[in-house]
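Input: a single structure, listed below in structure tokens.
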Amino acid sequence: MIKKIQQFTDTDNLRRRAEQQLIQQQSTVPCFEVDAKKLLHELQVHRIELEIQNEELLIAQTEVEESLKRYTELYDMAPVGYLTLGRDGAIHQINLKAARQLGIFRAQLKQQRFSAFIRADSLPVFNDFLSSVFAGKAAQSCELPLLPADRSPTLIVHIEAIANDDDQTCRMILVDITERKDNEEKLKLAHLVYQAIGEAIMVADADNRIVTVNPAFTELTGYTLQEAVGQSTTLLKSGRQNEAFYRLMWSALEITGHWQGEIWNRRKNGEIYLEWLTINTVYDDQNNVRHRVALFSDITDQKHAEQTIWQQANFDSLTGLPNRHMFYERLAQEMKKSQRMGLPLALLFLDLDHFKDVNDTMGHGKGDLLLKEMARRLLNCVRNTDTVARLGGDEFTIILTQLHEQDSIERLAQDILCQLAKPFDLAGDCAYVSVSIGITLYPEDTDDIDTLIKNADQAMYAAKAQGRNCHHYFTISMQEAALTRMRLINDLRNALAECQFWLAYQPIVELTTGNIRKAEALIRWQHPTRGLISPAEFIPVAEATGMIIDIGEWIFREAAQQAVRWCTEHHDDFQISINKSPVQFQKEGNGHLVWFDYMRELGLSGQSIVVEITEGLLMDAGAMITGQLLAFRDAGIQISLDDFGTGYSSLSYLKKFDIDYLKIDQSFTRNLTPKASDLALCEAIIVMAHKLGIKVIAEGIETREQCDLLIAAGCDYGQGYLFSRPVPADEFKNLLVTG
Ligand code: C2E
Ligand code: MG
Ligand code: MG
């Protein structure tokens, strides 16, 4: 523009150009008079001068217009808002950006005040700001929240303003800093979190030098920010993980930029702790590692707690052996393994014989010691790959894996029986126990885990039934026996109502005289299809199901009625022995009172009844059972201890419980020969019993020889097939007549 104006004032130059043009035109024009020619020449030069000037003005004007247009475009399209405000804050001029910021169309803007777009709480700030803009010459700035008219979200703007020369208006620039402010807020928050977070944070550079750590890091590791910064990240290394561990960790970091896991590290004070560590990588624009951020927390306590919980959930606290839950898991695992390897496994169920006796006589503390010692001995018998578990109480199981030969099961079972037969030293007390072992094989017996467990359990019961202190294999026939038992239970439920029971009586003979003044009542079950079923078969079932209560009651009434009859018909001191199951004692605390009532009703004296009990009852005897036994004695009813010699055979019980008769078990009688050790035992028992004022009855006398030996040993009474089998009451009468 300035150049153009210079061109206009350069008149010499203009004249020169006009004259050159004229010379070119005159070469075609004819000559005139000199003066006229001169004037014409001047005029023509002037005209041409004007034409050139006009042309140049037009060019200049177009250029001015274009530059104004460009300026307006720049003004409108500028990325920041421009406004011109009056002293009163009215908007005089606004560019497109500013209009957009205020959420309005420029056409709608009729002297609207800028303050209309300012949040009410910031109005005083704006008013002060505007005053100071007009008060001084320098540019002023401030930050304010704007409320756009189109209800779009609040904007935070940075305002720069300066008064114009006219002093009536000012120019203002609006820069939207909402995002920046937002980021600043976020950063502030992030910093706060970084400082306050409970998890330790450690930031390292690409060379694994610590760049910064947060306060939680200091608290956890003991290293302050100053101590940590600049150090290698190996500062915390405990040495607990091997090189392979770190290799894996680094390869994950290289490939994915991420690693997470448990790691043992060392605090400044040397203490080793377990942390849960997460490492993330921050990359730059070229995808080079810029930082690695490690986030970690101390999980040592949590781990301990988890371990304790896991331990409690899976292991028996007394013996430290796997518990039922863990056993089940292991068995399932081992079954799978066995299938894979094609090698069978054996499952053994073990149950201590008479463990309860140890508990009851020596106390639970000693019982616990015994279980611990038993666990130790069992572990000694098996290989590391086998599992010994305690299911509870005195029940143990063993999973024998990878059986190459079945003989090894046999050897193990024998070894266990042998190891457990050795005396147990229970803190000064010595105990002897034995164990019954049930054995089943996978996959031979079944391939189902629950059935396998059931099999082992059944086999164990079979071992018990077989006389304890032995082992028994599960076979299909055992399974059938279990089914038969179930059927028996069902049939037994109807037997009483359908009068399928009757009582047989077996004489108890006074050996020296041959007199029969006593008889044992023995129940008989006439099964509608199976015929006569032995009490040895159904009494245990009746006991286990509780049916013995009702059956026992019926037996007593039958026997009592019979006693009345024989007392009157035969001898008034006639006695009938009634077997009373321990279950009856335990389940019916006051059952004996009903008996007494019934006897009173019948007019039967207590002397006419003897109650046969087993030793097991005395071992378990608490106050309730002792009370019942005393009540019998007070009622004149005598007590007979049945099957002596098969159980604990403790003479101390005889004294303690005031027993009247002791029945030597038929297993002794059976083996009686003049030289047999059983005879010596019988003699000893008889002598001791007599010393305690107890009469002795020998059971199961089948031969004259046995009888004679017993008489010679001083035995008081005898019972057995030699004299008579148990017979119905009607037949028994004949014995009385002849006896
Ligand atoms: P227990 O009380 O020891 O009864 C004696 C068992 O020996 C009877 O068997 C009897 O028949 C049998 N016996 C008697 N003399 C001889 C003999 O010379 N040789 C042989 N081999 N055996 C002989 P039973 O009647 O089969 O009873 C078996 C067991 O069932 C009884 O043993 C008893 O524990 C129980 N029992 C029988 N009847 C009753 C009852 O009414 N109530 C209760 N709770 N249990 C009963
Ligand atoms: Mg008996
Ligand atoms: Mg007996």
Side-chain angles (χ1 to χ4, degrees), residues 465 492 495-496 500-509 511 516 518-527 531-563 575-588 591 595 609-617 638-647 649 659-672 685 696-707 710 715 717-729 731-732 735:
L492 202 54
L496 203 57
Q500 292 167 3
F501 294 125
W502 57 274
L503 288 187
Y505 294 91
Q506 189 177 33
I508 297 172
V509 182
L511 289 178
I516 298 175
K518 301 178 197 300
E520 179 176 4
L522 294 159
I523 192 166
R524 296 291 174 260
W525 179 14
Q526 192 66 43
H527 189 278
L532 209 56
I533 298 180
S534 160
E537 188 181 341
F538 73 82
I539 291 290
V541 174
E543 285 177 335
T545 53
M547 284 189 265
I548 192 70
I549 304 291
D550 289 343
I551 297 173
E553 210 47 43
W554 177 85
I555 295 168
F556 168 71
R557 283 168 184 252
E558 276 288 306
Q561 286 167 26
Q562 196 58 54
Q575 278 182 318
I576 291 185
S577 295
I578 299 167
N579 292 286
K580 189 168 181 183
S581 152
V583 178
Q584 285 173 276
F585 278 94
Q586 276 145 8
K587 288 216 171 148
E588 318 174 286
W595 285 25
I609 298 291
V610 176
V611 173
E612 287 196 15
I613 58 168
T614 50
E615 252 186 306
L617 178 79
Q638 290 187 307
I639 304 290
S640 187
L641 190 64
D642 209 350
D643 305 336
F644 192 81
T646 55
S649 308
I659 301 296
D660 302 285
Y661 300 97
L662 188 154
K663 294 185 86 171
I664 296 177
D665 192 68
Q666 47 182 279
S667 56
F668 284 97
T669 316
R670 199 178 302 135
N671 299 323
L672 284 186
I685 292 170
V696 179
I697 304 169
E699 289 187 280
I701 305 177
E702 292 185 357
T703 63
R704 193 66 249 172
E705 191 188 26
Q706 290 163 350
C707 185
L710 285 161
C715 186
Y717 299 92
Q719 189 181 344
Y721 295 168
L722 176 70
F723 310 110
S724 166
R725 286 182 175 265
V727 290
E731 279 178 44
F732 195 89
L735 297 171

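Bear in mind that the values here come from a model prediction, so they are computed numbers and not experimental data. Counting convention: from 1, in listed order, for ligands and their atoms alike. Nothing fancy with the numbering, it's 1 onward along the sequence.
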Hey, which atoms in ligand 1 end up nearer than 4.0 Å to a heavy atom of [X]?
X: I523; answer: 38 (N), 39 (C), 40 (C), 41 (O)
X: G720; answer: 15 (N), 18 (O)
X: E702; answer: 17 (C), 18 (O), 19 (N), 20 (C), 21 (N)

Backbone, side chain, both or neither: what part of [X] comes under 4.0 angstrom of ligand 1, heavy atoms only?
X: I555; value: side chain
X: I578; value: neither
X: Q666; value: side chain
X: L503; value: neither
X: E699; value: side chain

Shortest non-hydrogen contact from [X] toward [Y]:
X: T669; Y: G700; answer: CG2-O, 3.7 Å
X: E543; Y: V583; answer: CB-CG2, 3.7 Å
X: I508; Y: S577; answer: CD1-OG, 3.9 Å
X: P582; Y: L617; answer: CA-CD1, 3.6 Å
X: V610; Y: I639; answer: CG1-C, 4.3 Å

Close approach of R524 to ligand 1, heavy atoms, under 4.0 angstrom: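 Yes, R524 has heavy atoms under 4.0 Å from ligand 1.
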E520 heavy atom under 4.0 Å from ligand 1: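 Flag set, E520 near ligand 1.
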Check against side-chain contact (heavy atoms from CB on, under 4.5 Å), L641 and E615: CA-CA 7 Å; L641 190 64; E615 252 186 306; 3.8 Å; yes
When you measure from [atom] to every protein heavy atom, which one gives the shortest distance, and what is it?
atom: atom 18 (O) of ligand 1; answer: Y721 N, 2.8 Å
atom: atom 11 (O) of ligand 1; answer: P726 CG, 3.3 Å
atom: atom 45 (N) of ligand 1; answer: N579 CB, 3.7 Å
atom: atom 32 (O) of ligand 1; answer: D642 OD2, 4.7 Å
atom: atom 15 (N) of ligand 1; answer: Q506 NE2, 2.9 Å
atom: atom 10 (C) of ligand 1; answer: L522 CD1, 3.8 Å
atom: atom 30 (O) of ligand 1; answer: P535 CB, 3.6 Å

Within-cutoff protein neighbour (heavy atom, under 4.0 Å) for atom 25 (O) of ligand 1: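 For atom 25 (O) of ligand 1 the answer is yes, since some protein heavy atom falls inside 4.0 Å.
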Sub-4.0 Å protein heavy atom next to atom 39 (C) of ligand 1: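 Within 4.0 Å: yes, protein heavy atom nearby.
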Check: [Y] and [X] side chains under 4.5 Å, non-hydrogen atoms:
X: I516; Y: F723; answer: no
X: L532; Y: W502; answer: yes
X: I576; Y: Q562; answer: yes

Geometric class of the Y661/Y717 ring pair [parallel <30°, tilted 30-60°, perpendicular >60°]: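 Plane angle over 60°, so perpendicular.
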Ligand 1 to Q719 polar contact by distance, N or O atoms, under 3.5 Å: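 Not met; the criterion fails.
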S577 N/O/S atom closer than 2.8 Å to the Mg ion (ligand 2):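 No, outside the cut-off.
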Distance criterion under 2.8 Å: protein N/O/S atoms around the Mg ion (ligand 3):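 My tally for this metal is 4.
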Using distance only, find each side-chain donor-acceptor pair of residues 552-561 under 3.5 Å and give its atom names and separation, not counting sequence neighbours.
from : atom 1 : to   : atom 2 : distance (Å)
E553 : OE1    : W595 : NE1    : 3.4
Q561 : NE2    : Y598 : OH     : 2.7

Result of checking Q719, R725, K518, E699 against Q506 for side chain to side chain donor-acceptor pair (under 3.5 Å):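 The side chain to side chain donor-acceptor pair (under 3.5 Å) with Q506 is passed solely by Q719 among Q719, R725, K518, E699.
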